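First the structure, in the form of structure tokens, and then the observations on it.
Chain letters run A, B, ... following the sequence lines, proteins first, then strands; residues in each count from 1. Note that these values count all heavy atoms, side chains included, but never hydrogens, waters or copies made by symmetry. Nothing here was measured: the structure is a model prediction, and the numbers come from that model.
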Amino acid sequence: MSLHVPTRRELLLASGTLFAWAYMPKLAQAEGRDPRLLAIVLRGALDGLAVVAPVGDPNWVKLRGHKAPTLGGDTPALALDSMFALNPAMPNLHRLYKAGAATIVHAAATPYRERSHFDGQDVLESGLARPGAVSSGWLNRALATLAPAERANPRARNAFAVGPIAPLVVRGAAPVLSWTPPRLPSAGDDTAMRLLDLYRHTDPALAKAFEERMGLTAIARAGGMNQRTPGNAQPRGAAKAVRNYFEQSAGTAAKFLARADGPRIGALAFDGWDTHANEGALDGRLAALLGALDGAIAAIETNMGDAWRETVVAIITEFGRTARINGTEGTDHGTGTVAILVGGALKGGRVVADWPGLRDADLHENRDLKPTTDLRAVLKGLLHDHVRVNEAVLASRVFPDSMAVKPMAGLLA
Amino acid sequence: MALDPKIHDSKAQDPQTQAALALHRFGLGPLAGSVNAIASDPRGALIAELDRAGAGRIASPDLMSSGEAARAAFEFRQARRQMRREAGGQTDGQQKNAGDNRKGRPRPSVGIAPQEIYLTEAKARLDAALAADTGFVERLVWFWSNHFCVSADKGQVRPIAGAFEREAVRAHVLGRFGDMLLAVESHPAMLMYLDNARSIGPNSPAGRNRRRGLNENLAREILELHTLGVRSVYSQDDVTSFAKVITGWTVVPARRDPELGGTFNFNPRMHEAGPQTVIGKRYDAAGVEQGRRVLADLARHPATAEHIARKFARHFIADEPAPALVERLRKRFLDTGGDLKELARTLVTSDEAWHAPRTRIKRPGEWIAATLRAVGANPPNVRPLVQAQNLLGEPLWRPPAPNGFADDNATWLDGLSQRLDLANQFARRHAGTADPMAVFEATVAPIASEDTRRTIARAESRPQALALLFMSPEFQRR
């Protein structure tokens with residue numbers, strides 16, 4: 001990627017955002033590290049059992065029948081350990097797992113126990129224990145607790161998001177920049193400058209939003225953000241479009257995070273995981289989505305370059321799905337699911353699970369995988385060990401009222 | 001919050017200001033001359049639109065019923081499959097070439113492509129938006145269509161998403177909530193979108209034979225999103241019971257029936273027979289009547305009134321609307337048995353609805369319609385506008401999830417730089433025919449700051465002036 005030399009216009013336009021992102025979590029910096037953290041929210045409730053199948057549980061095949069990923073059959077799952085195997089649509093994740101750069105946390109869930117997507121997503125992204133009016137996300141609040149590298153620059157703590165709409169997890173008081181793939185010829189700089197001037201005089205909220213977006217767009221255009229990830233046989237049609245979108249979004253996020261002067265914390269969201277009918281874990285819709293997610297993971301690894309070894313990506317979802325297949329070859333809203341962690345900074349190659357079992361009596365409300373790990377413990381562990389947010393702040397501000405949920409130790413290498 | 005409070009207050013009682021506010025807040029933006037036309041009685045103009053005969057309906061010979069559309073799309077897809085099979089007999093090289101060149105690929109001569117139906121519907125919707133006097137009724141249609149959203153991203157829904165809006169939403173937009181609810185939940189588009197078409201009672205004849213069963217998706221979203229609201233009065237047991245109640249609410253397969261394919265069908269073989277209890281009430285009725293009665297009770301439930309009143313006020317007025325306004329809407333909804341015309345009338349006759357500052361960012365669809373109305377354009381090809389709406393994050397009839405597109409400022413503030421790119425394109429296209437200062441006078445002058453007027457007047461070119469006008473705070477916020 002060639003380094004872009006900004007024009008005077010761009011500098012003015014971005015009001016210093018362009019080269020002012022050299023924020024580092026100070027404590028981590030003191031250790032000589034420069035950690036990157038990317039959250040990927042899978043909206044719609046991921047069927048964790050179909051992603052990381054408990055093939056060693058005697059009740060697994062009984063629950064899912066021929067829909068159950070197993071080590072046999074036409075499309076055998078990829079063994080992780082004696083108990084678990086990965087959905088065969090995810091060879092890149094499997095490779096990273098074998099190399100110690102991926103960790104699966106199973107039977108995990110947020111504290112939310114109802115089954116509304118939207119409340120569930122609010123709890124997942126807000127970091128609050130209950131749904132309700134929320135305006136900020138845990139990642140943004142974590143960011144806000146960190147000291148900027150240069151006090152003089154109030155914009156030095158930006159997070160950023162990919163897509164036309166920033167996910168709640170990064171929204172909040174700390175500034176957020178978002179980026180969407182540009183598909184239109186842009187308006188001239190002069191028009192943008194005049195407009196910014198008007199907003200500054202009449203509408204500060206529009207001025208702020210506009211300034212930040214324009215700054216980011218300028219960088220994205222300059223940085224050659226549209227490269228494709230090589231490798232992987234390309235699927236066709238709609239599945240291909242989804243795969244391209246996932247790869248491009250995640251790859252772009254990685255390019256921003258990799259830059260020496262880029263942001264350190266980012267988020268993106270992928271929709272489409274609400275597999276009520278014809279789930280197709282091995283040969284249908286879910287398999288295609290997981291393949292796309294696998295491509296996104298590979299794109300991040302590639303585009304991170306040297307920064308990969310300081311990277312953690314947390315892939316999370318609002319809740320899981322029913323343990324049994326429903327009446328329409330799909331699964332309904334459930335509870336326990338997986339969190340997928342990838343990145344060179346991890347002590348990976350492990351499935352972390354206090355396995356609850358799959359007998360009828362083991363299931364939550366006789367229908368869902370029972371959650372035995374609080375997802376907040378995982379996220380707190382990452383924020384604590386990787387980004388160095390202190391535990392008291394994590395328990396009060398980032399995940400309010402979570403004192404009892406200790407940060408999970410030992411996730412990092 | 002955004003506007004200079006002095007400007008807002010000093011002009012608030014001016015009839016031109018009220019007229020411009022009416023058009024931006026409750027309508028789809030002024031056409032040339034609209035501000036003057038309604039200045040004598042802005043509230044009356046909005047109410048007159050509610051009272052017009054056939055308000056909200058679209059009649060066009062180009063439009064098909066959802067059944068016709070489903071069958072036409074099925075024929076098309078079937079013929080295309082057939083052509084591909086036949087093409088499979090050719091050499092690999094020929095086939096590859098055909099695949100590489102989409103435009104040159106032969107198209108079936110029977111049926112109609114789902115995308116073509118979708119675009120025809122999009123054009124009819126745009127025409128209605130551009131022809132409306134104030135656009136108030138269209139805005140109501142858009143609100144309810146988003147409340148009861150389906151997604152054209154689901155293959156079977158794509159050809160009938162537009163028909164769904166006409167048949168289930170427009171037909172009742174000034175009628176009763178309960179009638180709209182029944183029309184929506186029994187519409188093939190909704191039954192397929194939220195999977196109910198295939199949900200089978202576990203103890204029904206079909207359930208016993210085929211070892212298939214229940215899908216609770218639609219039942220849950222009716223309770224959570226369409227009526228009572230999340231965290232209100234229902235439990236998981238209510239979801240499951242209600243899902244059983246509406247088993248058998250399904251769709252005649254398009255392939256099976258050349259006359260009724262793609263229409264609603266109650267299939268007793270899929271229905272879980274017997275009484276069910278939903279929200280503490282036992283329903284003994286048999287067949288489709290059982291579901292009708294549950295829906296009728298949900299439509300009248302106080303939690304539904306509360307949910308709808310808040311969402312309605314939020315959409316038109318502010319992220320946090322005045323509690324007194326929400327309360328008045330709630331009460332009116334309950335008192336009138338969910339009369340949606342009365343709900344709309346109550347909104348525009350409430351002082352709070354006029355006194356709230358103009359903070360809401362227009363949604364992408366509203367903003368695009370307003371730019372076209374401002375310059376009096378109606379492009380014959382709707383495709384670029386559909387693409388524009390995609391780019392701004394509000395693809396037509398394709399919400400990301402069953403709760404529809406977000407309805408808050410934070411969400412839509414994000415798309416500003418994309419809006420500028422679009423504003424620039426529109427402006428370049430229309431600057432030859434539209435005089436920017438005349439458009440300014442006709443659309444935002446009564447509510448505009450001196451800064452905005454000066455910025456537009458001093459633009460270096462007419463396209464730039466128009467783009468700045470479309471992007472001005474007064475054109476973006478309502």
Testing R314(B), R360(B), K311(B), R310(B) for salt bridge (charged side-chain N to carboxylate O under 4.0 Å, His left out) with D407(B), which one passes?
R360(B)
Please flag which part of [X] lies under 4.5 Å from any non-hydrogen atom of chain A: side chain, backbone, both or neither.
{"X": "L194(B)", "answer": "neither"}
{"X": "E216(B)", "answer": "both"}
{"X": "D153(B)", "answer": "neither"}
{"X": "Q236(B)", "answer": "side chain"}
{"X": "P402(B)", "answer": "both"}

So for N326(A), is it side chain, backbone, both, or neither that comes closer than 4.5 Å to the heavy atoms of chain B?
both
Contact listing (chain A partner; residues 196-208 of chain B; heavy atom under 4.5 Å)
R198(B), S199(B)
Taking the six-membered ring of W273(A), is the NZ or CZ of R43(A) close enough (under 6.0 Å from the centre) and on axis enough (within 45°)?
no
Tell me whether the guanidinium CZ or amine NZ of K208(A) lies under 6.0 angstrom from the six-membered ring centre of Y199(A) and within 45° of its axis.
no
With sequence neighbours excluded, residues passing salt bridge (charged side-chain N to carboxylate O under 4.0 Å, His left out) with R285(A)
none
So, R324(A) versus N366(A): side-chain donor-acceptor pair below 3.5 Å or not?
yes
Per the ring-ring contact (aromatic ring centres under 6.0 Å, His included) rule, what does the pair list look like for residues 212-235 of chain B, sequence neighbours excluded?
F148(B)-H226(B)
For F440(B), all residues meeting ring-ring contact (aromatic ring centres under 6.0 Å, His included), sequence neighbours excluded:
none
Taking the six-membered ring for Trp, are F270(A) and F246(A) parallel (under 30°), tilted (30 to 60°) or perpendicular (over 60°)?
parallel
Of all of V230(B), V239(B), N403(B), which one pairs up most often with chain A through heavy atoms under 4.5 Å apart?
N403(B)
Are R477(B) and D203(A) ion-paired here, with the side-chain N under 4.0 Å from a carboxylate O?
yes
